[in-house]
Amino acid sequence: MSDIDDDEIGEEEGGPNLGEYEGERNEKNERHGQGKARLPNGDTYEGLYQYGKRQGKGLYKFKNGARYDGEYGENKKQGQGTFIYPDGSKYEGAWIDDQRNGFGIYYYINGDRYEGEWQNHLRQGRGTYFYSQTGTKYVGMWQNGRRNGTGEVIFGKFKLRCHWKDDLPVGQGKYIFDIGCEQHGEYLQKEKPPGEDEPEDAQPTIISTWKAGKITDISQAEEEQFQEEMLAQEASSLNNSHAQAPRDADEAAPEAEETIVEVDEPREEEAAREADAAPAADENAADGGEEEEEES
């Protein structure tokens, strides 16, 4: 996806006489009420003003094809609004001080979709990422745009539930199959050496490898514990986001889809050998493997 710099996308600022204006004014000759403006950089705005600043509902069209249709406060995107980016991606949701903050939905140009919490333009808190190519989805916690905390990836006939760190599954986890059993195990991190086409001094890639364990019946108690843990992490994330002020960022840079994450698929037959008495799992669930995902 393309990156758009501030000069290309930033909304033009200025006093009451910046560019061409047609609309209402107050006694101080400030733009006040409904109006239309064509700015020197080629952008246009149609909507409400208050004391010379965009305030209330308005439509801002950028010269590069991007547009924002939503609420303003003190010349900044504030409240609910929809931003369509030059590459065709779209965000619908909450804004604070020109940043994606609060609950919102982002539609990516590759068909992926994210629904959840944001902070300072990044996925932060609880959210769900839908992968259009594989039909899978991640439901869980995010931090600084990456999967961090408790979460699960839901496939067709099974799902992976574990903890995540910097977008990779780590530590104890389990694959839960819809036939009524679950495979316990652990994700171990290791370095993947650079490939033949990469320079010798390239940094190694960290990957997570699944170490299969025993197979058991699905535990309802663990299901309730998982949901409680998710709620606790969500509450903590919301408290932290309220305590942090928005940071400066390029508000027009489109949000990136997810990058590919390398994780090993569950090996049902390995776990079965370790637990002979465990129920046999659906072969199709294991054979399907983990379709690779994409991220920010």
Side-chain angles (χ1 to χ4, degrees), residues 116 123 125-131 133-143 146-193 195 204-234 236-237 258-295:
R123 299 186 288 267
R126 186 167 183 171
T128 301
Y129 194 105
F130 299 86
Y131 302 88
Q133 186 175 6
T134 63
T136 61
K137 65 180 179 180
Y138 168 82
V139 181
M141 302 304 299
W142 300 78
Q143 186 177 27
R146 294 176 174 269
R147 286 166 289 192
N148 276 282
T150 301
E152 60 183 8
V153 178
I154 301 174
F155 302 88
K157 295 183 178 181
F158 63 94
K159 56 187 174 183
L160 163 64
R161 178 176 294 172
C162 62
H163 291 276
W164 299 76
K165 182 178 180 181
D166 293 333
D167 236 13
L168 288 174
V170 295
Q172 299 293 325
K174 60 183 178 180
Y175 281 87
I176 304 172
F177 298 89
D178 63 1
I179 59 174
C181 66
E182 54 190 27
Q183 180 191 75
H184 299 259
E186 181 179 8
Y187 267 106
L188 305 175
Q189 291 192 335
K190 64 179 182 180
E191 292 185 353
K192 179 182 178 181
T205 302
I206 303 298
I207 62 173
S208 288
T209 303
W210 176 248
K211 181 181 179 182
K214 64 182 179 179
I215 296 177
T216 66
D217 292 333
I218 293 177
S219 169
Q220 185 59 36
E222 290 183 4
E223 174 70 27
E224 295 173 355
Q225 181 181 359
F226 170 78
Q227 296 300 333
E228 291 175 359
E229 187 175 351
M230 286 273 286
L231 289 173
Q233 291 184 24
E234 180 180 13
S236 176
S237 177
E258 293 220 305
T259 54
I260 292 177
V261 175
E262 295 193 44
V263 291
D264 284 358
E265 64 186 65
R267 303 299 183 189
E268 193 72 21
E269 58 276 13
E270 289 181 17
R273 284 198 296 270
E274 297 178 21
D276 294 334
D282 184 356
E283 292 183 0
N284 292 331
D287 293 342
E290 204 172 301
E291 293 285 355
E292 302 300 345
E293 311 157 23
E294 306 186 13
E295 193 327 280

Asks: With a 4.5 Å cut-off on side-chain heavy atoms, are Lys137 and Val153 touching?
Replies: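 Side-chain contact under 4.5 Å: no.
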Asks: Establish, from distance only, whether the side-chain atoms of Gln225 and Glu229 form a donor-acceptor pair under 3.5 Å.
Replies: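 There is no such pair between these side chains.
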Asks: With side-chain contact (heavy atoms from CB on, under 4.5 Å) as the criterion, how do Leu160 and Phe155 come out once you've worked through the C-alpha distance, each side chain's angles and the decisive distance to 0.1 Å?
Replies: CA-CA 8 Å; Leu160 163 64; Phe155 302 88; 4.1 Å; yes
Asks: Any carboxylate oxygen within less than 4.0 angstrom of a Lys/Arg side-chain nitrogen, looking at Glu182 and Arg161?
Replies: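 No, this pair does not count.
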Asks: Enter the distance from Met141:CE to Gln233:CD here, rounded to the nearest 0.5 Å.
Replies: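 Met141 atom CE to Gln233 atom CD measures 5.5 Å (nearest 0.5 Å).
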Asks: Counting N and O atoms only, with roles assigned by atom type, does the side chain of Ser208 sit under 3.5 Å from a partner on the main chain of Pro169, one being a donor and the other an acceptor?
Replies: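 Checked: pair present.
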Asks: Checking Arg147 against Tyr138: charged group under 6.0 Å from the ring centre and within 45 degrees of the axis?
Replies: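 Ring-cation test returns yes.
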Asks: Please check if the side chain of Asp217 supplies one atom and the backbone of Cys181 the other of a donor-acceptor pair under 3.5 Å.
Replies: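 A pair under 3.5 Å: no.
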Asks: Which residues pass the side-chain contact (heavy atoms from CB on, under 4.5 Å) test with Glu228, sequence neighbours left out?
Replies: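 For Glu228 there are no side-chain contact (heavy atoms from CB on, under 4.5 Å) partners, ignoring immediate neighbours.
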Asks: Using the rule given for side-chain contact (heavy atoms from CB on, under 4.5 Å), can you reason through Phe158 versus Gln183, listing the C-alpha separation, both sets of side-chain angles and the distance that settles it, and then say yes or no?
Replies: CA-CA 10 Å; Phe158 63 94; Gln183 180 191 75; over 6 Å; no
Asks: My understanding is that only one of His184, Glu222, Lys174 makes a side-chain hydrogen bond (donor to acceptor under 3.5 Å, both in side chains) with Thr216; could you say which?
Replies: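 Option passing the side-chain hydrogen bond (donor to acceptor under 3.5 Å, both in side chains) with Thr216: His184.
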Asks: Name the orientation class of the two ring planes belonging to Trp142 and Tyr129 (parallel below 30°, tilted from 30 to 60°, perpendicular beyond 60°).
Replies: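 Geometry flag for Tyr129 against Trp142: tilted rings.
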Asks: I would like to know whether Glu191 and Ile206 meet side-chain contact (heavy atoms from CB on, under 4.5 Å); could you show each step before the answer?
Replies: CA-CA 5 Å; Glu191 292 185 353; Ile206 303 298; 3.5 Å; yes
Asks: Could you tell me if the side chain of Lys159 sits less than 4.5 Å from the side chain of Thr136, heavy atoms only?
Replies: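 They are not in side-chain contact.
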Asks: Mind listing the closest non-hydrogen atom pair of Met230 and Val139 along with its distance?
Replies: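 Distance-wise, the nearest heavy atoms are CE-O, 4.1 Å.
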